Amino acid sequence: MNNFGEEHCNIEKDAIEESFINQMCLKKDKEYEDWADNIGTRIIEYFLNKYKGITIEMPKAREKSPKSLLGKIKNLQIERLSKLYALEGIEDKDKQKLYKLIKERIYENEELNIIYTLAPIKSLLYDEIEKLNIKEFEERIMVDGISNSTKTALLRILVGRIENSNILEKEKILQELDEKYGEKAADKSGIIEDDIIRYSSIEALKENELKIGRLKDEMSFLKANDLRGMKFVVVNVPDDLETENKKLKEILKIRKETKDIKKKCACTELAIIEIGKEFYQDLATNKELLEKLNIEVIPDSNKHKKKSNGYEAEHIKFYNRTNPQYTLEVQYKSELVETICRGEGTASHQNRPGKKRVLPHANNNIELIRKLAYTLPKYKIFRRDGNKIKVQKFDMLRNVMGYYQGQILPKSEEYEKIMKIFNYDKEEKNVSDER
């Protein structure tokens with residue numbers, strides 16, 4: 001999948017391969033890159049003007065790596081097929097696609113007993129629902145080594161198949177599943193994440209022909225709307241911030257009056273969260289700003305995400321009105337949340353099943369550089385230059401250090417290896433340039 005030569009043009013591709021190739025080409029579109037940099041800059045400027053005196057880290061932009069892009073497309077295909085299966089069932093060829101994708105995910109975790117885990121999944125997809133041992137299915141699937149998105153896909157299919165069946169004690173089984181993994185589980189614990197099934201989204205689909213149509217439009221659904229993204233991290237909020245937000249005013253007042261350091265820190269976090277909610281609501285509804293930037297909000301993309309691992313952030317995605325293929329995700333979070341997202345933090349990317357960040361094995365430097373190019377996102381920073389914000393690209397060494405933050409420690413064997421490779425690579429490049 002890394003070759004894009006003409007010799008492949010006559011080979012029939014499946015939807016995932018075709019989507020991957022199309023979006024790899026989109027990644028190389030310089031106009032798209034420039035547009036994303038410009039919109040990111042304008043949004044940062046708008047934020048800093050709206051909330052004067054706020055301290056932020058230098059915002060960072062990110063272009064998805066080929067590896068991440070392929071994984072995202074596969075995730076979207078699992079989501080698409082599982083929703084369709086839950087709604088109305090799918091054909092055997094689509095069951096095969098879905099089983100293959102889920103099987104790949106199971107194989108990613110070496111700690112799982114593959115045959116033991118896959119047996120009930122295959123039964124769920126292919127057998128009559130009456131033949132599925134639901135208790136056994138739960139015991140083998142609802143384990144730590146399987147990602148929540150995989151569990152969601154499988155549980156949705158389970159609930160959908162039961163709803164569309166004449167299985168004995170149907171209502172009792174559905175109620176038990178809801179109490180364990182659905183809205184009732186979340187209501188009982190007070191943790192939104194405990195609604196793993198999120199079946200309300202399936203119910204909402206039943207009432208929306210437009211969304212069902214998009215679900216059936218395979219190539220459209222497999223588009224990664226976060227191909228390019230940026231984030232800004234808020235470090236501190238001044239006591240004298242000008243705002244009409246009564247809740248925010250009260251938080252800042254309490255912080256100013258208290259002498260308790262922990263309470264001050266907690267108030268700062270609450271203030272940052274409240275500003276994020278307010279700002280993102282503004283981004284989503286400010287017609288004048290959207291028109292000025294020639295962008296629109298992608299439907300259902302404006303989200304406040306809060307997880308039990310401490311992650312709390314705002315997410316929104318935009319598309320270019322002139323060229324809707326150009327999309328940009330913008331994230332907002334506090335310095336505290338950003339800290340736990342890095343390295344070995346509780347909310348770090350590498351702590352998810354199948355997402356551990358390890359330096360690729362390679363037989364030589366050239367092979368390692370090629371593997372890193374496939375694995376690494378490309379980063380940029382938005383830095384102040386006087387009164388202007390300028391975008392600065394990372395070189396490959398900084399991309400490595402940014403991606404493996406917390407994993408490659410200074411003076412470690414991996415660190416020395418990387419430094420040696422990229423110093424060597426720069427020397428080679430200089431020799432080539434002189435030639």
Side-chain angles (χ1 to χ4, degrees), residues 75 77-92 94-103 105-106 109 112-209 211-212 215-216 300 305-309 352-353:
N75 289 349
Q77 184 70 301
I78 290 174
E79 180 187 349
R80 190 184 81 86
L81 292 173
S82 63
K83 282 181 173 179
L84 284 172
Y85 202 149
L87 278 169
E88 56 191 31
I90 54 177
E91 297 179 1
D92 283 345
D94 285 331
K95 290 177 187 176
Q96 290 168 14
K97 288 181 189 176
L98 182 56
Y99 180 67
K100 181 184 175 185
L101 289 168
I102 292 175
K103 187 177 178 181
R105 282 193 173 182
I106 302 303
N109 192 332
L112 291 173
N113 183 321
I114 305 300
I115 297 173
Y116 178 84
T117 306
L118 286 175
I121 295 174
K122 196 167 187 178
S123 179
L124 171 69
L125 298 183
Y126 290 100
D127 294 342
E128 293 177 6
I129 192 63
E130 290 81 3
K131 293 181 180 179
L132 178 69
N133 185 324
I134 295 174
K135 185 177 179 181
E136 184 180 85
F137 174 86
E138 292 179 63
E139 288 173 355
R140 299 189 189 187
I141 302 306
M142 303 308 292
V143 294
D144 289 341
I146 297 178
S147 69
N148 271 357
S149 60
T150 304
K151 291 173 185 173
T152 297
L154 294 171
L155 287 170
R156 280 174 174 172
I157 293 169
L158 176 62
V159 171
R161 292 203 67 191
I162 292 170
E163 277 194 341
N164 295 324
S165 74
N166 294 315
I167 192 171
L168 292 173
E169 298 187 310
K170 180 164 79 173
E171 294 306 321
K172 181 183 176 184
I173 295 169
L174 289 172
Q175 184 175 337
E176 287 175 352
L177 289 171
D178 192 22
E179 288 171 353
K180 291 178 183 176
Y181 318 113
E183 286 185 359
K184 287 184 180 177
D187 289 342
K188 186 176 180 181
S189 68
I191 302 170
I192 297 172
E193 284 177 275
D194 284 348
D195 180 8
I196 301 171
I197 307 174
R198 300 202 302 277
Y199 205 72
S200 58
S201 69
I202 303 296
E203 297 290 352
L205 278 172
K206 293 176 183 178
E207 309 298 323
N208 194 320
E209 289 295 328
K211 286 188 177 181
I212 293 176
L215 205 57
K216 291 180 178 180
D300 304 319
K305 296 189 177 183
K306 185 175 182 179
K307 300 182 180 182
S308 57
N309 60 13
R352 303 177 203 169

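Just so we're clear, the structure is a prediction, and the values are computed from it rather than from any experiment.
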>> Taking salt bridge (charged side-chain N to carboxylate O under 4.0 Å, His left out) as the definition, give me every residue that meets it alongside Glu183, ordered by chain and number, with sequence neighbours left out.
In response: none
>> Holding to salt bridge (charged side-chain N to carboxylate O under 4.0 Å, His left out), I want the full list of residues that pass it with Asp94, two or more places apart in sequence or in another chain.
In response: Lys97
> Rounded to the nearest 0.5 Å, what separation is found between the CG atom of Leu124 and the OH atom of Tyr99?
Replying inline: 11.5 Å
>> Once salt bridge (charged side-chain N to carboxylate O under 4.0 Å, His left out) is applied, do any residues pair with Lys100, and if so which ones, sequence neighbours excluded?
In response: none
> To the nearest 0.5 Å, how far apart are CD1 in Ile173 and CG in Asp178?
Replying inline: 13.5 Å
>> Working to the nearest 0.5 angstrom, can you tell me the gap between Phe137 CZ and Leu132 CG?
In response: 6.5 Å
>> With heavy-atom distances below 4.5 Å as the criterion, would you say the side chains of Asn109 and Ile146 are in contact?
In response: no
> What distance separates Leu101 CG from Asn75 CG, expressed to the nearest 0.5 Å?
Replying inline: 9.0 Å
> What residues, two or more places apart in sequence or in another chain, satisfy side chain to side chain contact (heavy atoms under 4.5 Å, CB included) together with Lys211?
Replying inline: Leu205, Asn208, Asp300
Validation: residues 78-86 side-chain donor-acceptor distances under 3.5 Å, sequence neighbours left out:
{"residue": "Glu79", "atom": "OE2", "partner": "Lys83", "partner atom": "NZ", "Å": "2.9"}
{"residue": "Arg80", "atom": "NE", "partner": "Gln77", "partner atom": "OE1", "Å": "2.8"}
{"residue": "Arg80", "atom": "NH1", "partner": "Leu215", "partner atom": "O", "Å": "3.1"}
{"residue": "Arg80", "atom": "NH2", "partner": "Glu218", "partner atom": "OE2", "Å": "3.1"}
{"residue": "Ser82", "atom": "OG", "partner": "Ile78", "partner atom": "O", "Å": "2.8"}
{"residue": "Ser82", "atom": "OG", "partner": "Glu79", "partner atom": "O", "Å": "3.0"}
{"residue": "Tyr85", "atom": "OH", "partner": "Leu125", "partner atom": "O", "Å": "2.6"}

> With Asn133, which residues qualify under side chain to side chain contact (heavy atoms under 4.5 Å, CB included), at least two apart?
Replying inline: Lys135, Glu136
> Tell me, which pairs form a side-chain hydrogen bond (donor to acceptor under 3.5 Å, both in side chains) where one or both residues lie in residues 167-176, sequence neighbours left out?
Replying inline: Gln175-Glu179
For residues 190-197, please give each side-chain donor-acceptor pair under 3.5 Å, one per line with the distance, not counting sequence neighbours.
{"residue": "Glu193", "atom": "OE1", "partner": "Ser308", "partner atom": "N", "Å": "2.2"}
{"residue": "Glu193", "atom": "OE1", "partner": "Ser308", "partner atom": "OG", "Å": "2.9"}
{"residue": "Asp194", "atom": "OD2", "partner": "Ser189", "partner atom": "OG", "Å": "2.6"}
{"residue": "Asp195", "atom": "OD1", "partner": "Arg198", "partner atom": "N", "Å": "2.9"}

> Could you give the distance from CD1 (Ile134) to CD1 (Ile141), rounded to the nearest 0.5 Å?
Replying inline: 13.0 Å
>> I'd like to know whether Lys184 forms a salt bridge (Lys or Arg N to Asp or Glu O under 4.0 Å) with Asp187, so could you lay out the CA-CA distance, the side-chain angles of the two residues, the decisive distance to 0.1 Å, and finally the verdict.
In response: CA-CA 5 Å; Lys184 287 184 180 177; Asp187 289 342; over 6 Å; no
>> For the NZ atom of Lys180 and the CD atom of Glu138, what is their distance to the nearest 0.5 Å?
In response: 3.5 Å
>> Restricting to side-chain hydrogen bond (donor to acceptor under 3.5 Å, both in side chains), what partner residues turn up for Arg156, sequence neighbours left out?
In response: Ser201
Pair up each side-chain donor or acceptor in residues 116-123 with any protein partner under 3.5 Å, not counting sequence neighbours, and list the distances.
{"residue": "Thr117", "atom": "OG1", "partner": "Asn113", "partner atom": "O", "Å": "2.7"}
{"residue": "Ser123", "atom": "OG", "partner": "Asp127", "partner atom": "OD2", "Å": "3.0"}

> What residues, two or more places apart in sequence or in another chain, satisfy side chain to side chain contact (heavy atoms under 4.5 Å, CB included) together with Glu203?
Replying inline: Glu163, Tyr199, Lys206
>> Taking side-chain hydrogen bond (donor to acceptor under 3.5 Å, both in side chains) as the definition, give me every residue that meets it alongside Lys188, ordered by chain and number, with sequence neighbours left out.
In response: none
